[in-house]
**Q** 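The structure follows.
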Amino acid sequence: MVKSDGMATQLPVYDSGAIRFRGLFEIREFFRYRFLVLNLVSRDLKVRYKRSILGFIWVMLSPLLTMGVLVVVFSAIFRFSTPHYATFVLVGLLLWNVFAQGTVAAMSNLVGNSSVLRRMYVPPSVFVGSAIGSALVNLIFSLVPFAILAYVTGVQPTLWWLFLIVPCFLVTLFAFGVGLVLSSMAVYFTDTVEIWAVLLSVYFYLTPVIYPATQLGPIVFALEQYNPMYLFLNIARTVVIDGTRPAYHELGWATAFAIGACVIGWLVFTRLESRFAYHL
Amino acid sequence: MPTTSDDVHDGVTLAPSEEEPARSKLLRRHLMAFDSETAVSVADVTVRYRMPTERINTLKERVVRSITRRTVAYTEFTALSHINLQVKRGEAIALIGRNGAGKSTLLKVIARVQGPTAGRVWVRGQVAPMIELGAGFHPELTGRENVFLNGAMLGFSQQQMQAKFDSIVAFSELEAFIDSPLRTYSSGMQARLGFAVASSVDPDILIIDEALSVGDEAFQQKCIQRMKAIRKQGATLLYVTHAVDMIGELCDKAALIDEGRLLYFGEVDKAVTYYRERLQDSNMNISSQRRIAMVVRKRR
């Protein structure tokens, strides 16, 4: 088919000088490449389980085994007076892992795909998006064995369990925002990865993930109300273990932190990305 | 990639185009000339890299320096300098020049892999970049999975790739291996698959950077046939090569680039003659340091 002159005016035009608001432009490009995000997430999953005999069964089995070990270890060693301590820890670790794995993968994904970014046009944000997407998929697959373990260890299932989707979604948004900032910094500074590894473990112990917040003094406890990760964890624990509605002010702050992180991350990332090709 | 007044590239502030009437006029002329018959318009494009003489790419180092207020010295490398180029739709252009002349950088700017440091680029239509075949292939995935992944990187959905899939496999002649992991492929097989995917996108502009130097002769011939077929459909071709004897067969015009400058743009024969002269000159006088400028800047 010969391309007629009439079609020429309809062809998409790339104008390097026309991008005034990179933040908005990148949103459109991210949406246009949504298939790539899905493809990259499924690539991650496939590659991980490709060479194993059990294949995709691992997706469920490996979190079940890990959680089984954690239940045994934590309920034997730490004897906090928290009811359903095993479930308490599992919720915490599940959500924490989305944040920890997601942000670390965001950096390695963006820098690791530099060979692509140096050779063809792809909106760089898709690599951050796919890293967070993979972490979310892992979480979703872990929720089934988690529900089984929670039930087995004696937590009463309620309809509020369905509300668990909300903190999962919020922690994903938060991880996306933080991942955007970190990955764009990692392009410029190679030690961002190492610095983040240290900060991440500090943050892990500052956040009541494996210990109850009531163990902290009153001042620190008051400060935890402004720790986004604590808020996500607490909302999840309230709906799963207590089977009640989470506090409105906690939901409000958690949502504000998640959306705020996304907006800031997006602005930082899109501001820095125009020079990625010069540094990658 | 905007070149507005706040465009700061690594601490080098570029003068805003509004304050330079001559440049602004030039850009406007390019914009006017970018009619529906023009595929690519490169207006006063400069690409500059900063190469630190002492390597500072850690955050720690950067923070320490900003506290101690030590200076950072770096050299600036001008990969492209004030390039102006217009390509009409359906034209086939060869880009020739010595190694490191800036040919590949120019292709990358046109393929929007990187934005220009200064100047502006307009490109009309779907671009098929063949800057390096098989970029983004994953060794653990099968050929089939890689076709879909690579297609997604070119901006195509699963369904769109499904429609192209059979012809891609047929062209690559890899029917028997398509469900084997890519790590079992030879480099020639990978290149074949890469070319098959990249050329399947029905492009308006085909950008080729010596991609055809892979594969055996039979496959190279097949690639050239495919390129000619794509050209017959009215596509524009930008082709970087060192095999200057071959370009007459494929290209109508040639651009000679040397040391980041466009020296000649026009007839293929003349461009090749100038290129050969250039090569002989360079044998006698090796210095090509003109593009490198020492810049010392105090970082606050």
Side-chain angles (χ1 to χ4, degrees), chain A residues 1-22 25 29 32-40 42-44 46-48 50-51 113 115-123 126 185-192 194-195 273-280, chain B residues 1-4 7 9-10 17 27 31 34 36-37 43 45 47 49-50 57-62 89-90 108-109 111-117 119-127 129 131-132 135-136 138 140-141 145 148-149 151-158 160 181 204 232-235:
Chain A
M1 186 189 65
V2 176
K3 287 190 170 117
S4 66
D5 285 2
M7 278 171 66
T9 45
Q10 292 157 21
L11 291 173
V13 171
Y14 158 60
D15 177 355
S16 69
I19 306 159
R20 284 276 171 270
F21 303 102
R22 208 155 229 297
F25 174 78
E29 290 298 282
R32 196 157 74 83
Y33 277 79
R34 61 193 181 281
F35 301 107
L36 179 55
V37 180
L38 297 178
N39 244 304
L40 289 169
S42 82
R43 178 187 81 175
D44 276 2
K46 280 180 193 158
V47 168
R48 188 130 37 95
K50 197 131 218 181
R51 289 224 215 177
N113 279 294
S115 65
V116 175
L117 289 171
R118 271 187 281 118
R119 283 170 194 130
M120 56 205 279
Y121 169 74
V122 171
V126 298
M185 281 173 69
V187 171
Y188 291 85
F189 305 111
T190 49
D191 61 341
T192 312
E194 282 85 26
I195 292 174
E273 75 171 333
S274 60
R275 295 297 160 204
F276 279 0
Y278 289 80
H279 289 269
L280 278 167
Chain B
M1 291 165 224
T3 45
T4 49
D7 187 29
H9 166 42
D10 293 330
S17 52
L27 287 182
L31 182 58
F34 188 65
S36 61
E37 282 310 300
V45 161
V47 171
Y49 291 100
R50 193 196 72 174
N57 56 1
T58 66
L59 190 58
K60 189 199 79 188
E61 191 74 7
R62 184 70 166 267
R89 286 179 66 222
K108 283 181 181 181
V109 170
R112 69 188 288 195
V113 170
Q114 67 185 68
T117 314
R120 202 159 162 177
V121 181
W122 290 272
V123 179
R124 190 185 299 279
Q126 166 84 41
V127 175
I131 288 175
E132 193 167 307
H138 197 288
E140 285 297 326
L141 297 179
E145 289 163 341
F148 284 96
L149 180 62
M153 285 183 183
L154 291 164
F156 291 99
S157 71
Q158 203 81 7
Q160 284 170 311
D204 302 298
K232 273 220 184 80
Q233 293 173 0

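From a predicted model like this one, the values you see are computed outputs, not experimental measurements. Per chain, numbering begins at 1; letters A, B, ... match sequence-line order. Worth knowing before you read on, the calculation uses all heavy atoms, side chains too, and leaves out hydrogens, waters and symmetry mates.
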**Q** Below 4.5 Å from any heavy atom of chain B, which atoms of A:Ile195 appear? Answer side chain, backbone, both or neither.
**A**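 Side chain of A:Ile195 only, per the 4.5 Å heavy-atom cut-off to chain B.
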**Q** Is the shortest side-chain N to carboxylate O distance from A:Arg43 to B:Glu145 below 4.0 Å?
**A**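 B:Glu145 and A:Arg43: not salt-bridged.
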**Q** Tell me, for A:Phe276 versus chain B, whether the close heavy atoms (under 4.5 Å) come from the side chain, the backbone, both or neither.
**A**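 No part of A:Phe276 comes within 4.5 Å of chain B.
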**Q** Applying side-chain hydrogen bond (donor to acceptor under 3.5 Å, both in side chains), can you list everything that pairs with A:Asp44, at least two apart in sequence or on another chain?
**A**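 A:Asp44 satisfies side-chain hydrogen bond (donor to acceptor under 3.5 Å, both in side chains) with A:Ser134 only.
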**Q** For the candidates B:Val45, B:Val127, B:Leu141, B:Val109, which exhibits the highest count of non-hydrogen atom pairs separated by less than 4.5 Å from chain A?
**A**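 Most pairs with chain A among the choices: B:Leu141.
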**Q** Just so I understand: if I count every heavy-atom pair under 4.5 Å between each of A:Arg34, A:Glu194, A:Met120 and chain B, which residue has the most?
**A**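 Counting heavy-atom pairs under 4.5 Å, the top option is A:Met120.
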**Q** Below 4.5 Å, heavy-atom pairs only: which of A:Leu38, A:Val13, A:Val116 has the largest tally toward chain B?
**A**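 Ranked by heavy-atom pairs under 4.5 Å with chain B, first place is A:Val13.
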**Q** Could you list the residues that satisfy salt bridge (Lys or Arg N to Asp or Glu O under 4.0 Å) with A:Glu29, not counting sequence neighbours?
**A**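 So A:Glu29 forms a salt bridge (Lys or Arg N to Asp or Glu O under 4.0 Å) with A:Arg32, B:Arg112.
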**Q** Among B:Gly90, B:Gly136, B:Ser157, single out the residue with the greatest number of heavy-atom pairs under 4.5 Å to chain A.
**A**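 Of the candidates given, the most pairs with chain A belong to B:Ser157.
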**Q** Does either side chain, that of B:Thr117 or that of A:Tyr278, offer a donor lying less than 3.5 Å from an acceptor on the other one?
**A**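 Distance-only check passes for B:Thr117 and A:Tyr278.
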**Q** Rounded to the nearest 0.5 Å, what's the gap from CG on A:Leu40 to CZ on A:Phe35? Could you check?
**A**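 It comes to 13.5 Å.
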